[in-house]
Amino acid sequence: MTISSTTSQVADRKALIGKTLRTAHYRVSCEDVSDFLGVMSDPYDYVAEAQHVAPPSFAPLVAVLGLLRTFDWASDFWFDYRDGTAMFGEQSIQYHRPLYVGEEVEISAVISDVYEKTGQNTFDVVQLAFTIKGDWDGDITMTGKQSYILFK
Amino acid sequence: MSIAPNKPLLEDLAVGMALPTAKFGPMDRFDYIPIALILRDTNPLHLDRVYAQERGLPDTVQQGPLNQAYLYQYFTNWLHQPWDLVSTEIRFSANVFPDDHLYCGGEIEALESGDEHDLVHCRVWQQNEDGTAILTGKASGRLPKHR
């Protein structure tokens, strides 16, 4: 797919609505949780060892990094990340069960909406609907939506 | 405006009550390194002050998920158990930079009584010391029926 910044072709991003993105995996590793707890001191004594519950403040990192593995800026969003500017937009998450240290989560996502907005700049909003499942029980840990702002 | 108590039950709360506020910081640029490693995102905007300044920013930009983590910790530590968290809706409004302080607060928007547990729905926010909104949104959590 050719990447273009011309208005007519960027408007075609609406054609992306409904596109299923590749499934991604992320292990909630002891190392990552340990690094996180080194930054975020917490009155709860979280333990960065397998099968212990991870802090919920770690959840947005899992959603963000997991979703970034489900798409390619160029081939999925028709966006040149080397020259363009992209930002996180709105994010909504429902929490179905805690995250556990050591578990691998599977992140699946679909492009649920694309729309153009104009403020000081014109940009496209690409919204993903996602589901994150844990491998221990196959249960859903999180569902939600994350949008990305792609400046034109 | 009245302030909601810590670890409340439904009967302790009312719509319009403010959540206790919290202050975090100062933010530390060296915290951005482990967060970059966790996120597998080594964008120099978060790590290289000169690179950021060449792009018109005052300093390196703190990663958005780290800003979120502070707001999450603030809200979930107000709940009886952190994973009583039910849902969040967050909008990213402004950047955070090294040495900034973050102030988190909220207000109760709605309360729901249930059979097994109750629910509290709040508007939540995070600001820097200038009062600039960093994050705004909503958060909901479960409340136990009894202490």
Next on the checklist: Need one label for T85(A): side chain, backbone, both or neither, based on atoms under 4.5 Å from any heavy atom in chain B.
Outcome noted: neither
Next on the checklist: Quick one, R91(B) and Q91(A) - any side-chain contact, counting heavy atoms below 4.5 Å?
Outcome noted: no
Next on the checklist: If you count heavy atoms of other groups shown closer than 6.0 angstrom to NZ of K117(A), is the number above 12?
Outcome noted: no
Item to check | For chain A, the option from P82(B), G137(B), P34(B), S140(B) that forms the most heavy-atom pairs under 4.5 Å | outcome: P82(B)
Next on the checklist: Heavy-atom pairs under 4.5 Å with chain A - which of F75(B), F92(B), Y72(B) has more of them than the others?
Outcome noted: Y72(B)
Item to check | Atom group of R69(A) that falls short of 4.5 Å from chain B, counting heavy atoms | outcome: side chain
Item to check | Which portion of Y44(A) sits near chain B, non-hydrogen atoms under 4.5 angstrom | outcome: side chain
Checklist entry - Looking at side-chain heavy atoms only, is the closest gap between D32(A) and R40(B) below 4.5 Å? => result yes
Checklist entry - Does the side chain of E90(A) reach to within under 4.5 Å of the side chain of E89(B), using non-hydrogen atoms? => result no
Checklist entry - What do the steps show when you test I38(B) against F58(A) for side chain to side chain contact (heavy atoms under 4.5 Å, CB included), and what is the final call? => result CA-CA 10 Å; I38(B) 294 167; F58(A) 192 70; 4.0 Å; yes
Next on the checklist: For F24(B), which atoms come within 4.5 Å of any heavy atom of chain A: side chain, backbone, both, or neither?
Outcome noted: neither
Item to check | Hydrophobic cluster identity match, L66(B) and L45(B), side-chain contacts under 4.5 Å | outcome: no
Item to check | Verify same cluster id: W78(B), L119(B) (apolar side-chain graph, 4.5 Å) | outcome: no
Checklist entry - Any idea which of A63(A), P56(A), G66(A), S92(A) has the most non-hydrogen atom pairs under 4.5 angstrom with chain B? => result P56(A)
Next on the checklist: If we define contacts as heavy-atom pairs under 4.5 Å, which of D41(B), L85(B), I35(B) has the most with chain A?
Outcome noted: L85(B)
Checklist entry - Given that the side chain runs from C-beta out, which part of V64(A) has a heavy atom under 4.5 Å from chain B: side chain, backbone, both or neither? => result side chain
Checklist entry - Among V86(B), T76(B), L71(B), which residue forms the greatest number of heavy-atom pairs with chain A at distances under 4.5 Å? => result V86(B)
Checklist entry - Quick one: what part of L39(B) sits under 4.5 Å from any heavy atom of chain A, side chain, backbone, both or neither? => result both
Checklist entry - Do any N or O atoms from the side chain of W83(B) and from the backbone of A54(A) form a donor-acceptor pair under 3.5 angstrom? => result yes
Item to check | Side chain to side chain, I90(B) and F88(A), heavy atoms closer than 4.5 Å | outcome: no
Item to check | Distance in Å, M142(A) CE paired with T88(B) OG1, rounded so as to fall on 0.5 Å steps | outcome: 9.5 Å
Checklist entry - Just checking, is any N or O donor in the side chain of S57(A) or Y74(B) under 3.5 Å from an acceptor N or O on the other one? => result no
Checklist outcome for this item: Given V33(A), D35(A), L61(A), the one with more heavy-atom pairs under 4.5 angstrom with chain B than any other is L61(A)
Next on the checklist: For residues L16(A) and F71(A): do they belong to one hydrophobic cluster (side chain heavy atoms under 4.5 Å, members Ile, Leu, Val, Met, Phe, Trp, Tyr)?
Outcome noted: yes
Checklist entry - Taking atom NZ of K19(A) as the centre, does the number of heavy atoms from other residues, nucleotides or ligands within less than 6.0 Å exceed 12? => result yes
Item to check | Which atom of S41(A) lies closest to which atom of Q73(B), heavy atoms considered | outcome: O-NE2, 3.0 Å
Item to check | Max heavy-atom pair count under 4.5 Å with chain B, selected residue of L65(A), I93(A), T143(A), L99(A) | outcome: I93(A)
Item to check | Region of L79(B) in contact with chain A, defined by heavy-atom distances below 4.5 Å | outcome: backbone
Item to check | Sub-4.5 Å side-chain heavy-atom contact between M40(A) and Y70(B) | outcome: yes
Item to check | Region of N43(B) that comes under 4.5 Å of a non-hydrogen atom in chain A | outcome: side chain
